[in-house]
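Comments concern the structure below.
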Amino acid sequence: MTEGLVVPMDVPREVAAAPRLPERGTPCTMIILGASGDLARRKLVPALFHLMNDGLLADDFSVVGIGRARMRDGEFRGAMRGALADSHVGASEHSAWNEFAGRLEYIDGDLADEAVYAELRDRLTTIERESVTRNGAVRGRLFYLALPPNAYEPTLTRLSESGLAPRLDDARARPWVRLIIEKPFGRDLVSAQALDGTVSALFAEHQIFRIDHYLGKETVQNLMVFRFANSIFEPVWNRNHIHHVQITAAESVGVEHRAGYYEGAGVVRDMFQNHLLQLLALTAMEPPVAFRADAVRTEKVKVLDAIRPFDADEVARYALAGQYGAGTFEGKPVAGYKEEEGVEKHSMTPTYAAVRLMIDTWRWQGVPFFLRSGKRLPRRATEIAIRFRRPPHLMFPETEGQSISPNVLAFRIQPDEGISLCFEVKVPDHEFRMATAGMNFSYAGSFGPSEHSAYETLLVDCMLGDATLFTRSDAVEAAWRVVDPILDAWDASPPGRFPNYAAGEWGPREAESLIAADGAKWRTP
Ligand code: BG6
């Protein structure tokens, strides 16, 4: 088989010039609960700085961070400037930084302490009054729970009891109050339902934004456009034409400094229950009637509900767990999971999983969906690959070393976002030979580098009250219903002898047998 040919697809200039995030957030104060933590430093503050520089934050926007680290406003600003430098977001422009810094405030304290809420009330009152006096702007309140999951319920309760985050049954009520809740939303179905019980007792659903940052990624949104703004693919998007679907989220990093969280989570709670199942839902859902939050979310949840649940004795056959041992990455030796800082020496936490799921609908009957994700794999790559069926009858002879490769449509979510389609062509010479060629569309090639991170997209959406790319509670619960039997089976009996793959490998060898049983092979993204 010869190398794939690559035919870049051109996009007209006027399309390429179209802005990708045109709307500006409405006036608000964002209260980051857990502001001295990792998420605020690595994702939220860089995203906000970027948005401000692009003119996508309202003039009346500021941040009040609350965290345990003892800092004054000035020290918090210094720490956030360091965070921007670490994230390679240029804060070098003095005037931009000064403008941004002027919008940051900080309260140190424990969220279990009433005094924190009293201080927050004072700060918000001052900020909100100033906005009204200055230009009549009425600010909303956006609470971002960047906290360990066990802090969600008590914090939501205190926010509600303090009156700082009142329930607003009317979605048009102003000033608005919204809350972004980070994943994981619960640690199984029962705890997710309990958390939802608290949330719905305290707030209206339109106030709650359950974030899954994968839904803010460009290609994830483009998947909807690709499927529902084109007419040529939808007719083949079903069991008659698709052999199977592979969804891969490969990470090259290890657990980094997050062992405290990851040891209790593992890859299924960390990546499958949310990101991977959301990708599956977008790939498999029926066309929504409108690009509106509820229409899209309803179709997604139907897919999740239709995933065939595993019986306990099916888990060993259709789900595989792995944990990385010592190995090499980019030529350098790297530690195994058990040797990472903060990880228990005999840890049985899986850092890799591969799962075969079936969706019980007319469209997808008999089409396996293979999902895999792992840490310390050879490279960072997330993709959705649709593998089509072979032609029903082949008129060309398949000989030794000459067989046809089935068509594959692959959505590269990261890095190098794009879409590629592989098909067979005849090699132009006298002898009859076939080769696989590819058409490749690259976002960066056609539109220039992507300017906005997933968090930027989602933060602006929340400021605008658009929940289309956030997860509804029924979807969260449906996803737990899918993964709970796997987690229960692995809790009841260890899923394998760990480590079972070396850092720098594509997961345990058995992953190949899991997919080979359906006559398929994992792609190398
Ligand atoms: C997070 C997980 O939700 O997603 C991390 O908690 C993971 O463990 C990360 O590394 C991957 O996100 P991305 O955007 O880098 O693919």
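Ligands are counted one by one from 1 in listed order, and the atoms in each one are counted from 1 as well.
For an aromatic pair to be called close, the ring centres must be under 6.0 Å apart, and Phe228 with Phe226 fails this.
Between Tyr262 and ligand 1, no N or O atom pair is found at a separation short of 3.5 Å.
Closest to atom 5 (C) of ligand 1 by heavy atom, among Arg258, His213, Met271, Glu251, is Arg258. Counting heavy atoms only, Lys217 comes closest to atom 14 (O) of ligand 1 of the residues Gln414, Lys217, Lys43. Of the options Lys375, His275, Arg380, the smallest heavy-atom separation from atom 3 (O) of ligand 1 is shown by His275.
A salt bridge (charged side-chain N to carboxylate O under 4.0 Å, His left out) check over residues 298-307, counting only residues at least two apart or in different chains, returns the pairs Glu299-Lys302.
Electrostatic pairing of Lys183 and Asp270 counts as a salt bridge here, judged by a charged N lying under 4.0 Å from a carboxylate O.
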Which donor-acceptor pairs under 3.5 Å do the side chains of residues 262-269 make with protein atoms, sequence neighbours left out?
residue: Tyr262; atom: OH; partner: Val267; partner atom: N; Å: 3.4
residue: Glu263; atom: OE1; partner: Tyr337; partner atom: OH; Å: 2.6
residue: Glu263; atom: OE1; partner: Ser347; partner atom: OG; Å: 2.7
residue: Glu263; atom: OE1; partner: Thr349; partner atom: OG1; Å: 3.0
residue: Glu263; atom: OE2; partner: Glu344; partner atom: N; Å: 3.2
residue: Arg269; atom: NE; partner: Arg187; partner atom: O; Å: 2.8
residue: Arg269; atom: NH1; partner: Ala265; partner atom: O; Å: 3.4
residue: Arg269; atom: NH2; partner: Arg187; partner atom: O; Å: 3.3

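Within the listing of ligand 1, atoms 1 (C), 2 (C), 3 (O), 6 (O) sit less than 4.0 angstrom from a heavy atom of Lys183.
For atom 6 (O) of ligand 1, the closest heavy atom belonging to the protein is Asp270 OD1, 2.6 Å.
A salt bridge (charged side-chain N to carboxylate O under 4.0 Å, His left out) with Glu205 is found for one member of Arg178, Arg472, Arg210 and no other, namely Arg210.
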